[in-house]
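Quick notes on the structure that follows.
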Amino acid sequence: MNYEELELNPRENYIFLCVMGVLGLVIGWLFYDSLPFGILVGICLFSLKGEYIKFLKLKRKEELLLQFKDLLYSLSTAVATGRSIRQGLIDSATFWQGTYDEDDYIMVELREMTAKMEQSNIQDIAVLNDFAKRSGIKDIEDMVMVCTTCKKSGGNLSLALEKCSNIIGDKIDMDRELQVVMSQKKFEGRIVAIAPFLLLLLIKLISPEYLQPLTQTSTGRIVSTISLILIFSAWIIIERVNDFEV
């Protein structure tokens with residue numbers, strides 16, 4: 001699996017299109033009181049598919065990184081007791097079976113790495129390097145670089161892996177703590193972003209004639225369009241401000 005690439009399956013693609021279509025119709029009804037405008041907005045929202053895929057890839061990488069943290073600790077422990085990286089990977093595939101499901105990313109990777117080493121006689125560093133390249137995660141690439149350097153130079157692999165495990169583990173924990181702190185800010189930002197839609201819905205239900213100048217005149221529709229652009233721009237800015245990387 002290449003973690004840098006992601007294609008929605010037919011079911012996921014259908015759900016995305018349906019959600020965006022319904023959202024477009026709702027926005028068209030709220031801001032323009034017009035079905036054609038709603039369809040047009042829905043078509044425009046379909047362009048967010050790339051951002052949605054990017055979001056899914058990010059979540060997948062975050063999940064893989066957390067699972068890799070556990071693998072790194074078990075691999076470091078195995079090497080510290082005198083086992084090779086090869087044997088540490090094979091032992092980890094068995095050790096984590098009770099913790100992770102068979103379809104979890106790290107278990108799939110461990111099965112594939114074990115099969116390559118045992119059936120195709122591929123070197124342990126080679127399978128780790130392949131995993132690091134496909135993951136697109138710098139922490140995994142750094143760990144593989146440490147292992148490769150120690151193998152080539154004859155350095156203390158056990159000590160290097162232990163330090164690498166501690167540093168990467170601390171970095172992941174810090175990132176998780178920051179994510180918890182920032183989650184409240186993200187939630188507040190999203191509430192601010194949807195507040196105009198909720199306000200319009202309330203007015204639409206209580207006093208629809210109040211919005212007629214916006215929905216039945218060309219000037220009003222221009223104002224509505226500008227308002228939509230500003231709302232979406234503000235939402236993008238809020239998401240980017242709250243997006244960070246340790």
Would you sort out whether E162 and N166 count as a side chain to side chain donor-acceptor pair (under 3.5 Å), showing the intermediate values? CA-CA 6 Å; E162 181 183 357; N166 291 334; 4.5 Å; no
Check ion pair [X]-[Y] (N to O, under 4.0 angstrom):
| X | Y | value |
| --- | --- | --- |
| D175 | K171 | no |
| E62 | K59 | yes |
| K57 | E5 | no |

Apply side-chain hydrogen bond (donor to acceptor under 3.5 Å, both in side chains) to Q216 and list each qualifying residue two or more places apart in sequence or on a separate chain.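 side-chain hydrogen bond (donor to acceptor under 3.5 Å, both in side chains) check on Q216 returns nothing, list empty.
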List for me each residue that meets side-chain hydrogen bond (donor to acceptor under 3.5 Å, both in side chains) alongside Y100, sequence neighbours excluded, and say none if there are none.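 If we apply the side-chain hydrogen bond (donor to acceptor under 3.5 Å, both in side chains) test to Y100, skipping adjacent residues, the hits are D70.
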Assess the pair F46 and F16: is the distance between their ring centroids shorter than 6.0 Å?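 No, ring centres 6.0 Å or more apart.
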Are any non-hydrogen side-chain atoms of I231 and F31 less than 4.5 angstrom apart?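 Touching, per the 4.5 Å side-chain cut-off.
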Would you say N129 and M145 make side-chain contact, with heavy atoms under 4.5 Å?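 When only atoms from C-beta onward are counted, M145 and N129 do not touch, as no gap falls below 4.5 Å.
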In one Ile/Leu/Val/Met/Phe/Trp/Tyr side-chain cluster, 4.5 Å: L30, V223: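 L30 and V223: one cluster.
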Given the rule that I, L, V, M, F, W and Y join up when any side-chain heavy atoms are under 4.5 Å apart, are V146 and L159 in one cluster?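 No, no single cluster joins them.
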If hydrophobic residues (ILVMFWY) are linked whenever their side-chain heavy atoms come closer than 4.5 Å, directly or via other members, who joins Y73 in its cluster?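 Via sub-4.5 Å side-chain contacts, Y73 links to none.
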Report the hydrophobic cluster partners of I236, with the cluster defined as I, L, V, M, F, W, Y residues connected by side-chain heavy atoms closer than 4.5 angstrom, directly or transitively.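 I236 shares its hydrophobic cluster with W235.
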Non-neighbouring partners of A126 that pass side-chain contact (heavy atoms from CB on, under 4.5 Å), sequence neighbours left out: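 If we apply the side-chain contact (heavy atoms from CB on, under 4.5 Å) test to A126, skipping adjacent residues, the hits are I122, Q123.
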With a cut-off of 3.5 Å and sequence neighbours excluded, list every side-chain donor-acceptor pair involving residues 105-119.
| from | atom 1 | to | atom 2 | distance (Å) |
| --- | --- | --- | --- | --- |
| E109 | OE1 | R134 | NH2 | 2.7 |
| E109 | OE2 | Y3 | OH | 2.8 |
| E109 | OE2 | R134 | NH1 | 3.1 |
| R111 | NH1 | E102 | O | 2.8 |
| R111 | NH1 | E102 | OE1 | 2.8 |
| R111 | NH2 | E102 | O | 3.0 |
| T114 | OG1 | L110 | O | 2.8 |
| K116 | NZ | D130 | OD2 | 3.2 |

With a 3.5 Å cut-off and no angle check, do the side chains of T99 and Q97 form a donor-acceptor pair?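 No, no side-chain donor-acceptor pair sits under 3.5 Å.
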